[in-house]
**Q** 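Got a structure here, written out as structure tokens. Questions coming.
Positions are given from 1 along the sequence. We use all heavy atoms of the structure for the numbers below, so side chains are in, but hydrogens, waters and symmetry mates are not.
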Amino acid sequence: MFNLIMLYDGSDWQVPLNAIRTATFPLARLFEYTIPDIEGQFTPVVPSSLARLAGLPTVFMTELQSDRQKPGGTVRVKIGRVFALSIESTEIRYSFVIERDFGPRTVPNLKPFENAFGMGKLEIHRSHWAVKSHDVVGALRAADLLTENEDWPAPAPSLAVQLNPAPPLPAEPRPVSTVVENLEQFMQVVMTLQVPPDHEVFYRGHSDSRYKLEPSLYRKTASGEYKYLQNEARMILELLSAQSSAFSSDAYMLDRLVRMQHFGLPTRLLDVTSNPLVGLYFCCSTAKFDQSNHEIDGEVIILTTPKEQVRFFESDTVSCIANLAMLEEQAKDRLDTGRSLEAFNRLPECGRLLHFIRREKPYFEARIVPSDLESIQFVRARSTHERIMSQSGAFLIFGKDAVLPETGHSGLNIKRVTVRNKQSILEQLAKLNIKSSTIYPGLEKTTAEIAKQYELLG
């Protein structure tokens with residue numbers, strides 16, 4: 001395995017060979033384009049997993065710089081090592097040393113070059129930190145950067161001691177999840193939660209405990225590529241063009257995203273509920289089995305947050321995050337949230353975001369707070385249709401490069417409950433009138449439930 005770190009221009013790495021320097025990298029971009037099995041070896045991001053990352057050889061590469069006059073483009077590739085990794089707020093701080101600089105390389109044919117490093121579609125155009133399963137020397141040779149007689153460079157004698165990896169840290173024990181097998185046990189967990197009076201509790205049910213706490217827009221393929229994220233704005237515009245009348249009554253972009261999600265479009269929203277029984281129903285409503293025909297455990301995730309941090313549909317912060325969806329991916333990437341408030345709001349891309357916000361709030365001031373755009377917010381949407389009301393629905397809305405909960409650094413207060421014996425729990429919930437026809441109000445679900453109730457089983 002090896003680290004592949006990509007930056008737009010690689011300015012952090014413009015240093016002499018074998019000189020030790022320090023840089024930072026957004027935690028939110030860690031493990032992009034990394035296959036899930038490998039990502040699982042390094043999450044949550046704790047000292048022991050950071051130490052294992054530091055033990056991997058590292059390829060430092062710039063994003064592809066295109067030349068309109070020529071096919072392909074140019075990248076700059078360097079190799080070296082990273083060490084002394086730590087988490088500071090929403091960034092990884094790392095020390096590094098460059099041991100060889102291959103200089104700018106023209107790549108006339110992208111596909112063989114991307115294949116050499118195990119790159120996915122569009123990966124070469126995006127800043128990220130991936131962990132690749134390939135042999136790094138084989139990758140460099142396949143990309144014509146090393147000859148068959150060359151190998152990974154040995155560290156300079158003056159650096160050998162400093163780069164000598166420390167003994168591996170023992171892996172931190174993963175938090176033990178509470179296990180429930182019936183409704184009574186689940187309610188015991190709920191009723192004994194220690195929740196301060198100024199906090200609210202939300203629930204999210206997963207039919208498979210391996211599912212991540214992330215919105216559908218952030219889902220990835222088996223190779224670690226985003227399925228939808230890079231086309232967020234295009235998907236929304238196509239739907240608005242095809243079905244404009246369906247959204248004519250929506251005053252806010254949040255209203256549109258809620259309606260789009262309701263009808264199946266991937267969005268940056270994640271449904272949660274304030275009703276624990278609804279969360280449990282969603283956990284149990286879909287039976288899943290492994291290859292040995294054993295039922296896969298479900299999970300209910302319990303989230304607590306101060307009441308003052310729960311936004312409503314007219315929130316300015318929510319408007320800023322929701323309207324990010326209207327920006328093309330390249331524009332979102334150019335929103336440099338590390339700038340001061342004044343400098344950030346002078347960015348052309350920020351001006352475009354402001355244009356979308358003022359469609360719903362004409363008097364909105366040009367004072368968008370950069371850190372708000374990277375946050376995850378609890379929000380109560382308007383009850384624009386029956387399903388939100390019946391499910392006691394609310395949402396998490398994920399900002400640009402929001403740090404996901406699986407890293408352990410999202411700032412969300414989470415408790416996980418493993419759920420087994422799902423069918424029996426569903427039968428218990430039905431006695432409390434928690435069933436498909438009440439969770440999904442409407443003729444279709446009600447008729448299906450009645451038909452199932454009177455079905456003659458052979």
**Q** For S127 and Y8, indicate whether the former's side chain and the latter's backbone hold a donor-acceptor pair under 3.5 Å.
**A**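 Here the side-chain-to-backbone pair exists.
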
**Q** I'd like to check V131 versus F31 (side-chain heavy atoms, cut-off strictly below 4.5 Å). Are they in contact?
**A**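 Yes, side chains in contact.
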
**Q** Taking R93's backbone N and O only, do any of them form a donor-acceptor pair with T24's side chain (distance below 3.5 Å, no angle check)?
**A**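 Here the side-chain-to-backbone pair does not exist.
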
**Q** Between V379 and L254, is a side-chain contact (heavy atoms from CB on, under 4.5 Å) present by the stated rule, with each step listed?
**A** CA-CA 10 Å; V379 57; L254 176 67; 3.7 Å; yes

**Q** I'd like to know whether R126 forms a side-chain contact (heavy atoms from CB on, under 4.5 Å) with Y226, so could you lay out the CA-CA distance, the side-chain angles of the two residues, the decisive distance to 0.1 Å, and finally the verdict.
**A** CA-CA 12 Å; R126 181 173 171 87; Y226 285 114; 4.3 Å; yes

**Q** When you measure from the side chain of S424 to the backbone of N421, do you find a donor-acceptor pair of N or O atoms at a distance under 3.5 Å?
**A**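 No, because the side chain of S424 does not come within donor-acceptor range (under 3.5 Å) of the backbone of N421.
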
**Q** Is the positively charged end of R52 above the ring of F42, judged by distance under 6.0 angstrom from the centroid and angle within 45° of the axis?
**A**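 Yes - R52 lies over the ring of F42, closer than 6.0 Å to its centre and within 45° of its axis.
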
**Q** Can a donor-acceptor pair be found between the side chains of S319 and E360 at a distance below 3.5 Å?
**A**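 On atom types as modelled, these side chains qualify, holding a pair under 3.5 Å.
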
**Q** Test your reading of the model: is there a side-chain donor-acceptor pair from S292 to the backbone of H294, 3.5 Å cut-off?
**A**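 Looks like no, no N/O pair under 3.5 Å.
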
**Q** Between CD of E123 and CG of L64, what distance do you get to the nearest 0.5 Å?
**A**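 Between atom CD of E123 and atom CG of L64 there are 12.5 Å.
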
**Q** Is the closest side-chain donor-acceptor distance between D9 and S11 under 3.5 Å?
**A**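 Judged by distance alone, the side chains do pair up.
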
**Q** Do T304 and E200 have side-chain atoms, one donor and one acceptor, less than 3.5 Å apart?
**A**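 On atom types as modelled, these side chains do not qualify, holding no pair under 3.5 Å.
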
**Q** How about E184 and Q428: does a side-chain donor come under 3.5 Å of a side-chain acceptor?
**A**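 Note: E184 and Q428 side chains meet the donor-acceptor criterion.
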
**Q** Dump the intermediate steps for ring-ring contact (aromatic ring centres under 6.0 Å, His included) on F202 and F378, then the final yes or no.
**A** CA-CA 9 Å; F202 296 94; F378 289 87; 5.2 Å; yes

**Q** Hey, mind stepping through E349 and R352 against salt bridge (Lys or Arg N to Asp or Glu O under 4.0 Å) and telling me if it holds?
**A** CA-CA 5 Å; E349 294 77 19; R352 182 149 177 77; over 6 Å; no

**Q** Would you say that F117 contacts F2 through its side chain, given a criterion of any heavy-atom pair below 4.5 Å between the two side chains?
**A**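 They are in side-chain contact.
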
**Q** Side chains of L303 and I301, heavy atoms from C-beta outward: is any pair under 4.5 Å?
**A**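 Answer yes - side chains close enough.
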
**Q** Under the side-chain contact (heavy atoms from CB on, under 4.5 Å) criterion, do F83 and F96 qualify, and how do the steps go?
**A** CA-CA 6 Å; F83 57 99; F96 68 95; 5.6 Å; no

**Q** In the structure I gave you, are the side-chain heavy atoms of R268 and F395 within less than 4.5 Å of one another anywhere?
**A**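 No, side chains not in contact.
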
**Q** For a quick check under 3.5 Å, do T337 and E374 share a side-chain donor-acceptor pair by atom type?
**A**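 Yes.
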
**Q** Side-chain contact, heavy-atom cut-off 4.5 Å: L396 with R204?
**A**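 They are not in contact (no side-chain heavy atoms under 4.5 Å apart), so the answer is no.
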
**Q** Got a donor-acceptor contact below 3.5 angstrom from the K332 side chain to the L327 backbone?
**A**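 Side chain of K332 to backbone of L327: a pair is present.
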
**Q** Using side-chain heavy atoms (C-beta onward) and a distance below 4.5 Å, is P276 in contact with V190?
**A**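 SC-SC contact between P276 and V190 confirmed.
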
**Q** Between D297 and K288, does the salt bridge (Lys or Arg N to Asp or Glu O under 4.0 Å) criterion hold? Intermediate values first, please.
**A** CA-CA 8 Å; D297 290 344; K288 290 184 175 292; over 6 Å; no

**Q** Taking the side chain as C-beta and beyond, is there a heavy-atom pair between I296 and R210 under 4.5 Å?
**A**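 Yes, at least one pair of side-chain atoms sits under 4.5 Å.
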
**Q** Closer than 3.5 angstrom, by distance alone: can the side chain of S209 be matched with the main-chain N or O of E299 as a donor-acceptor pair?
**A**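 Not at all, since once roles are kept as given, no pair shorter than 3.5 Å links the two residues.
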
**Q** If we ignore hydrogens and angles and just use 3.5 Å, is the side chain of Q188 paired with the main-chain N or O of Q185 as donor and acceptor?
**A**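 Not a single qualifying donor-acceptor pair exists.
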
**Q** Judged by modelled atom types alone, do Q261 and D271 share a side-chain donor-acceptor pair under 3.5 Å?
**A**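 The answer is yes; a qualifying pair exists.
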
**Q** Can you check whether G73's main-chain N or O pairs, donor with acceptor, with S66's side chain at less than 3.5 Å?
**A**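 Between the backbone of G73 and the side chain of S66 there is no qualifying donor-acceptor contact (under 3.5 Å).
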
**Q** Under the ring pair (Phe, Tyr, Trp, His ring centres under 6.0 Å) rule, what pairs show up with a residue in residues 306-352, not counting sequence neighbours?
**A**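 For residues 306-352: Y252-F313.
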
**Q** For the residue pair K78 and F60, would you count it as a cation-pi contact if the rule is NZ or CZ under 6.0 angstrom from the ring centre and within 45 degrees of the ring axis?
**A**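 The answer is no; the distance or angle limit is not met.
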
**Q** Apply the test salt bridge (Lys or Arg N to Asp or Glu O under 4.0 Å) to residues E39 and K212: give CA-CA distance (whole Å), side-chain angles for both, the deciding distance (0.1 Å), then the verdict.
**A** CA-CA 12 Å; E39 181 180 354; K212 293 181 179 181; 3.0 Å; yes

**Q** Where the side chain of K422 meets the backbone of E181, is there a donor-acceptor pair that is under 3.5 Å apart?
**A**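 Not at all, since once roles are kept as given, no pair shorter than 3.5 Å links the two residues.
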
**Q** Any chance the side chains of T438 and N433 put a donor and an acceptor closer than 3.5 Å?
**A**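 Side chains of T438 and N433: no pair found under 3.5 Å.
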
**Q** Is R259 close to L265 at the side-chain level, that is, under 4.5 Å between some pair of heavy atoms?
**A**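 L265 does not reach R259 side chain to side chain.
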
**Q** Okay, side chain of T34, backbone of A130: is any donor-acceptor separation there less than 3.5 Å?
**A**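 A pair under 3.5 Å: no.
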
**Q** Do Y94 and W129 have their ring centres less than 6.0 Å from each other?
**A**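 Between W129 and Y94, which both carry aromatic rings, the centre distance is below 6.0 Å.
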
**Q** Determine, step by step, whether L277 and I434 satisfy the side-chain contact (heavy atoms from CB on, under 4.5 Å) criterion, reporting the C-alpha distance in whole Å, the side-chain angles of both residues, the deciding distance to 0.1 Å, and the verdict.
**A** CA-CA 7 Å; L277 297 181; I434 304 294; 4.2 Å; yes

